[in-house]
Amino acid sequence: MLFIGGTIAGERIGMARSYDFKGVEAGWQRVWEERKAFRVTEDASQPKYYCLVMYPYPSGKIHMGHVRNYAIGDVVARYFRMRGHNVLHPMGWDSFGLPAENAAIEHGVHPAAWTVENITYMRTQLKRMGLSYDWDREITCSDPEYYRWNQWLFLRMYEKGLAYKKPALVNWCEVCQTVLANEQVEGGRCWRDDSVVIQKELDQWFLKITAYADELLTGLDRLPGWPERVKTMQRNWIGKSVGAEVDFPMADGGPPITIFTTRQDTLYGATFMVLAPEHALAHRLARGRPEVEGFIERMRTEDRLVRTAAETEKEGVFTGAFAINPLTQEKIPIWLANFVLLEYGTGAIMSVPSHDQRDFDFARKYHLPIRLVIDPEEGTLVAADLEKAYEGEGVMVNSGPFSGLPSGEGREAITRYLEERRIGKGAVNYRLRDWGVSRQRYWGTPIPIIYCDRCGTVPVPERDLPVLLPRDVEITMKGGSPLARVEHFVNVSCPACHGPARRETDTMDTFVDSSWYFLRFCSPKEENRALDPAKVMYWMPVDQYIGGIEHAVLHLLYARFFTRVMRDLGLVSIDEPFVNLLTQGMVCKETYRCPTHGYRLPDEVDAKGRCTACGQPVEIGRIEKMSKSKKNVVDPDDLMNRYGADTARLFSLFAAPPEKDLEWSDQGVEGAFRFLNRVYRLVEGWAEELCRPVKPVSFAALTVGRALYQKAHFTIKKVTEDLDRDFHFNTAIAALMELVNSLGQFDLGSAPEEREEKRTVARFAVETLLVLLAPFAPHLAEELWQRLGHSRSIAEARWPVHSTEVIQQEEILVVVQVNGKLRSRLVLPADAEEEALRAAALKDSRVQAWLEGRQVVRVVVVPKKLVNIVTDER
RNA sequence: GCCGGGAUGGCGAAACAGGAAGACGCGACAGACUCAAAAUCUGUUGGGCCUUCGCGCCCGUGGGGGUUCGACUCCCCCUCCCGGCACCA
């Protein structure tokens with residue numbers, strides 16, 4: 001039966017006449033839920049497939065990015081299930097985090113209550129999308145049954161020295177009132193609220209990700225299933241530099257200064273040294289020198305962001321002290337400068353102005369000597385004429401016994417030389433810093449540590465886990481961690497001496513939760529352990545992980561780190577958690593902007609493109625990522641109310657390949673909706689006829705409907721290949737549309753002698769269509785499958801396999817070119833020999849005309865494809 | 001600056017291993033149905049040319065060169081766009 005507008009007749013809003021998608025979708029969702037259709041357990045007899053989508057933060061409602069993400073994941077899961085895999089497809093909630101606390105401050109709701117409410121609503125939204133999750137595995141990070149294992153893992157890491165506390169300059173976000181990890185600062189701004197991050201000295205907990213720096217880097221080479229750009233971003237982030245550490249003796253005989261360099265080959269050109277103003281030695285050298293002390297003090301108070309920006313002018317001060325270049329034995333001055341950073345390398349550098357632009361700029365400014373020690377491969381340079389440093393490779397010159405060596409070999413030779421004399425050694429440096437995980441916030445995992453005046457830092461004993469978050473807490477955005485004000489939480493007795501002690505009141509970064517949730521999904525109900533190793537062994541690694549690119553160096557790096565830590569703790573036996581990664585593009589939409597009223601909603605712009613508030617023409621802005629602030633969001637609830645989940649899914653899969661940005665188009669949604677309605681009308685219209693008896697008939701014996709039968713087989717091939725090859729959902733759906741177009745052209749016929757045969761072909765084609773459509777639009781496929789008389793779910797149907805014989809064409813279109821230009825087409829038997837193709841092409845009258853007055857020089861024949869006739873004088 | 005990814009009709013996009021550029025969808029135009037509209041169905045739709053309207057000719061995948069019988073596809077150079085990193089020694 002057909003409904004108007006999908007709901008009640010009369011409520012039409014310029015919408016297509018439609019099938020009752022609401023009834024269909026709700027009905028099948030109920031059936032799937034009742035049957036627990038997508039529950040899985042380990043089964044060694046089936047190949048396993050772990051399909052994971054990044055679980056959401058329960059912010060209140062799902063957005064279109066979620067719709068796209070979860071639609072992609074669901075197609076993958078349903079496809080592999082139909083291909084005979086035992087598919088783990090779980091869902092959970094990344095439910096610790098700041099927005100819950102902000103809600104508490106703004107609306108007076110407890111973060112726990114706010115979170116639970118959001119989860120409840122978002123769960124119904126996800127269920128409305130018809131996603132095939134095993135809901136029995138649902139996990140919630142803010143649940144003590146989950147976060148107790150964060151604490152347990154933290155303690156294991158503490159035991160191994162992988163979790164430690166140190167005072168450090170940390171990134172502080174004034175808006176969030178908490179510390180941020182380096183990965184959470186983007187261009188000096190908070191990843192969450194875009195406010196400027198300042199530096200603060202605080203005593204903080206760190207996780208030693210640097211211990212795995214090299215492994216995290218080299219592991220990337222063994223991830224062919226990851227996008228290149230994500231691997232590049234991680235490589236950049238880890239920032240490995242291979243070089244050497246060199247000791248420069250002090251001219252006054254004091255302890256030497258160690259520097260790090262990647263250009264040992266330029267050592268003979270080091271004409272001065274520079275220390276970071278915070279360097280321990282800098283303080284000593286500054287003593288009694290007011291201008292140096294002043295410089296240090298000024299650097300200390302200056303904004304670090306400004307100081308470390310590339311555009312900031314280099315400035316420095318001479319300390320009055322000298323060191324000795326260990327190769328030339330020359331006395332060289334020691335300076336302090338703003339551009340040398342304590343955190344990188346040893347906090348001290350040798351300066352080679354001739355071959356390092358920064359040193360060059362500095363030398364020019366302060367009139368320090370410039371000595372050339374590398375000549376380019378071609379030509380020579382003159383130090384006095386240099387206008388900028390020569391940073392390239394070349395041949396060593398003015399370098400004593402090393403002169404004449406190519407710079408690459410020179411680096412090795414110098415390193416060997418330094419090591420032999422014990423004044424230096426080969427060294428590697430990383431840009432990656434340890435992960436600061438302390439957060440001065442309430443809604444997170446309490447760090448399970450107790451401070452005792454007598455015993456010092458004492459880990460909470462395992463039997464006392466979980467350290468529960470107290471419910472009775474006053475949440476404000478000022479005055480440090482809210483937990484610090486909860487006395488019954490803070491004041492405890494020391495587990496070691498039972499004397500009075502205090503709890504750690506910082507909580508863990510919420511990225512800790514997501515660093516291992518994919519492992520917990522394997523045994524989500526395990527009560528006595530973080531994981532059940534046998535189950536983890538069965539399911540891990542994740543075969544396909546799907547999520548946004550924004551986690552390229554956050555979550556995806558932390559998860560790789562945690563997996564390795566857990567491997568070294570003997571909990572898992574894999575190195576890499578995610579074999580294949582698909583980073584979906586953003587969902588974007590055009591924006592409207594009024595000169596007076598700023599961003600406008602589509603409803604706030606009239607048909608003539610003017611602002612409804614002031615009548616000025618709005619500027620149609622660029623296509624941008626959907627966001628509330630730009631007023632260009634589409635609410636998934638509205639979308640599903642108007643068109644249903646199948647249309648929402650189909651559109652987000654059809655409009656663009658998954659890894660590219662998706663540009664929102666209301667007409668595109670209409671198109672997807674029209675297509676599904678067409679399918680519905682077609683199958684519904686034929687259902688009665690197709691349910692009548694069919695007679696099995698071989699393709700060879702088929703007298704009618706051969707083209708449709710072939711088209712169905714072609715479609716199987718195309719859709720299967722598109723899904724197997726990088727999940728090209730858009731072209732797979734296009735192939736389904738072509739099949740529907742063919743079905744639409746097909747006449748079931750009236751002559752009784754052909755009717756049965758035509759019915760057989762039509763039934764095959766329709767069933768093929770429904771089965772192939774099932775991963776994309778599962779509700780409609782189920783509904784129509786049932787109308788054709790099936791009692792089992794289409795989700796249990798086997799994915800079809802095309803027949804190469806059927807696809808084999810008897811006749812083939814061969815293109816004929818003359819000098820590479822298309823001149824004729826020939827229909828020839830598919831098995832025509834090369835010689836026959838050549839002869840037929842040369843004989844063709846249209847080709848003949850083009851050959852007039854020319855000599856055939858060559859004939860290129862590509863069997864089953866084309867003939868290209870090459871002539872003289874073209 | 002370094003690294004990664006891009007650029008194809010009016011629009012979103014196809015073209016998998018070098019072999020008919022533009023599948024499929026949107027939009028537009030025309031027709032059928034209708035009193036009419038909507039919906040639906042059918043056709044046309046890269047640009048240009050024409051006393052020949054054709055199975056026609058020329059041009060066409062950011063620009064310039066090259067390899068090849070043949071290039072969206074491979075190579076070199078350049079422009080622009082998106083993303084990451086960046087005083088990291």
Side-chain angles (χ1 to χ4, degrees), chain A residues 2 4 12 14-18 186-187 227-237 239 241 243 259-263 266 274 307-314 337-341 343-352 356-359 361-362 391 429-431 549 552-553 651 654-657 659-672 674-675 677-678 681 718 721-722 725-726 728 730-738 740-741 744-745 813-825 845-846 857-862 864-871 874:
Chain A
L2 288 174
I4 305 293
R12 260 191 60 235
M15 207 185 289
R17 276 170 71 86
S18 151
E186 295 167 351
E228 207 48 52
R229 58 177 178 150
V230 175
K231 290 190 277 187
T232 303
M233 282 160 79
Q234 292 208 357
R235 281 190 194 104
N236 285 344
W237 190 259
S241 305
I259 60 100
F260 173 76
T261 180
T262 55
R263 292 300 300 269
T266 64
V274 187
R307 190 190 129 189
T308 57
E311 307 79 52
T312 304
E313 185 170 337
K314 288 163 192 45
N338 58 347
F339 71 95
V340 176
L341 309 172
E343 314 84 77
Y344 189 81
T346 60
I349 62 166
M350 67 173 192
S351 280
V352 185
D356 182 291
Q357 190 58 41
R358 294 159 296 179
D359 297 345
D361 294 343
F362 196 79
E391 296 185 326
N429 244 289
Y430 296 93
R431 210 186 71 96
I549 185 77
V553 282
F651 171 73
F654 178 64
E659 66 281 359
K660 284 185 70 172
D661 285 353
L662 183 156
E663 190 188 324
W664 191 263
S665 154
D666 291 333
Q667 284 100 344
V669 176
E670 289 276 354
R674 265 202 295 266
F675 169 71
N677 274 291
R678 245 185 118 191
R681 278 195 308 273
K718 174 73 176 151
E721 282 174 358
D722 284 348
R725 174 178 60 99
D726 289 338
H728 285 190
N730 54 333
T731 50
I733 292 166
L736 293 175
M737 288 172 169
E738 285 190 58
V740 171
N741 290 343
Q745 309 276 347
L813 183 75
V814 175
V815 169
V816 184
Q817 299 178 333
V818 177
N819 293 324
K821 289 196 170 162
L822 175 68
R823 296 304 180 196
S824 186
R825 306 171 177 86
S845 60
R846 304 171 53 75
V857 176
R858 189 177 160 189
V859 179
V860 180
V861 179
V862 182
K864 295 185 183 189
K865 274 248 154 83
L866 115 175
V867 178
N868 186 13
I869 299 162
V870 188
T871 68
R874 302 188 203 165

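These values consider heavy atoms only, across backbone and side chains, with no hydrogens, waters or symmetry-generated copies. Note that this is a predicted model, so its numbers are computed, not measured. Residue numbers begin at 1 in each chain, while the letters A, B, ... track the order of the sequences.
If you check C55(B), C69(B), C26(B) against the side chain of Arg846(A), the one that comes closest is C55(B). In this structure, the nucleotide among C69(B), C58(B), C16(B) sitting nearest to the side chain of Arg823(A) is C58(B). The side chain of Thr261(A) lies closest to A89(B), out of U40(B), A89(B), C85(B). When distances are taken from the side chain of Lys660(A) to each of A13(B), U42(B), C16(B), the shortest belongs to A13(B).
For Tyr344(A), the side chain to side chain contact (heavy atoms under 4.5 Å, CB included) test picks out Ser241(A), Phe260(A), Asn429(A), with sequence neighbours left out. The side chain to side chain contact (heavy atoms under 4.5 Å, CB included) test applied to Glu663(A) returns Ile623(A), not counting sequence neighbours. The ring-ring contact (aromatic ring centres under 6.0 Å, His included) test applied to Trp664(A) returns Phe651(A), not counting sequence neighbours.
On the P atoms, U40(B) is 40 Å away from U73(B), given to the nearest whole Å. Using P as the reference atom, U61(B) and G47(B) are 15 Å apart when rounded to the nearest Å. Separating the C1' atom of C69(B) from that of G1(B) is a span of 44 Å, rounded to the nearest Å. One P atom belongs to G5(B), the other to C74(B), and the distance between them is 12 Å to the nearest Å.
Against the 90° criterion about 0, the sugar-base torsion of G70(B) places it in the anti range.
Within the 4.5 Å cutoff, no side-chain heavy atoms of Gln817(A) are placed close to those of Val860(A). Under the 4.5 Å side-chain criterion, counting only non-hydrogen atoms from C-beta, Arg431(A) is not in contact with Asn236(A).
Backbone-only contact: Lys821(A) has heavy atoms under 4.0 Å from sugar-phosphate atoms and none from a base. When heavy atoms are screened at a 4.0 angstrom cut-off, Val340(A) is found touching base atoms of the nucleic acid. Within the nucleic acid shown, Pro657(A) comes within 4.0 Å of sugar-phosphate atoms alone, with no base atom in reach, counting heavy atoms only. Contact annotation for Arg678(A): backbone-only contact, meaning every heavy-atom pair under 4.0 Å involves sugar-phosphate atoms and none involves a base. Contacts of Lys864(A) with the nucleic acid, taken as non-hydrogen atoms under 4.0 Å apart, are absent. Within the nucleic acid shown, Ser351(A) has no heavy atom closer than 4.0 Å to any nucleic acid atom. Note on Gly239(A): nothing from the nucleic acid sits closer than 4.0 angstrom, heavy atoms only. Within the nucleic acid shown, Glu313(A) comes within 4.0 Å of at least one base atom, counting heavy atoms only.
The residue among Asp359(A) and Arg858(A) whose nearest nucleotide of RNA chain B lies closer to the 5′ end is Arg858(A).
Ser351(A) and Asp356(A) share no side-chain donor-acceptor pair at under 3.5 Å. Looking only at atom types and distance, the side chain of Gln745(A) has no donor-acceptor partner in the side chain of Asn741(A) under 3.5 Å away.
A salt bridge links Arg235(A) and Glu228(A); the closest N-O separation between the charged side-chain nitrogens and carboxylate oxygens is under 4.0 Å.
Stem regions for RNA chain B, each three or more consecutive Watson-Crick or G-U pairs with both distances under 3.5 Å and listed by first number, read B:1-7 with B:79-85, B:10-12 with B:24-26, B:27-32 with B:40-45, B:46-49 with B:56-59, B:62-66 with B:74-78.
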Please list each protein N or O that sits under 3.5 Å from an N or O in nucleotides 1-5 of chain B, with the distance.
none

Would you tabulate the nitrogen or oxygen pairs shorter than 3.5 Å linking the protein to nucleotides 19-24 of chain B?
residue, atom, partner, partner atom, Å
A23(B), O2', Glu738(A), OE2, 2.9

Inset, instruction - Give the intermediate values and the outcome of side-chain contact (heavy atoms from CB on, under 4.5 Å) for residues Asn338(A) and Lys314(A). - result: CA-CA 6 Å; Asn338(A) 58 347; Lys314(A) 288 163 192 45; 4.3 Å; yes
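Across every non-hydrogen atom of Arg846(A) and Arg823(A), the tightest pair is NE-O, 3.3 Å.
Contact between the side-chain N/O atoms of Arg674(A) and the OP1/OP2 oxygens of G27(B) is found at a separation under 4.0 Å. Phosphate proximity of A15(B) to Arg725(A): present, with a side-chain N or O under 4.0 Å from OP1 or OP2.
In this structure, Phe362(A) has its ring center under 6.0 Å from that of Phe339(A).
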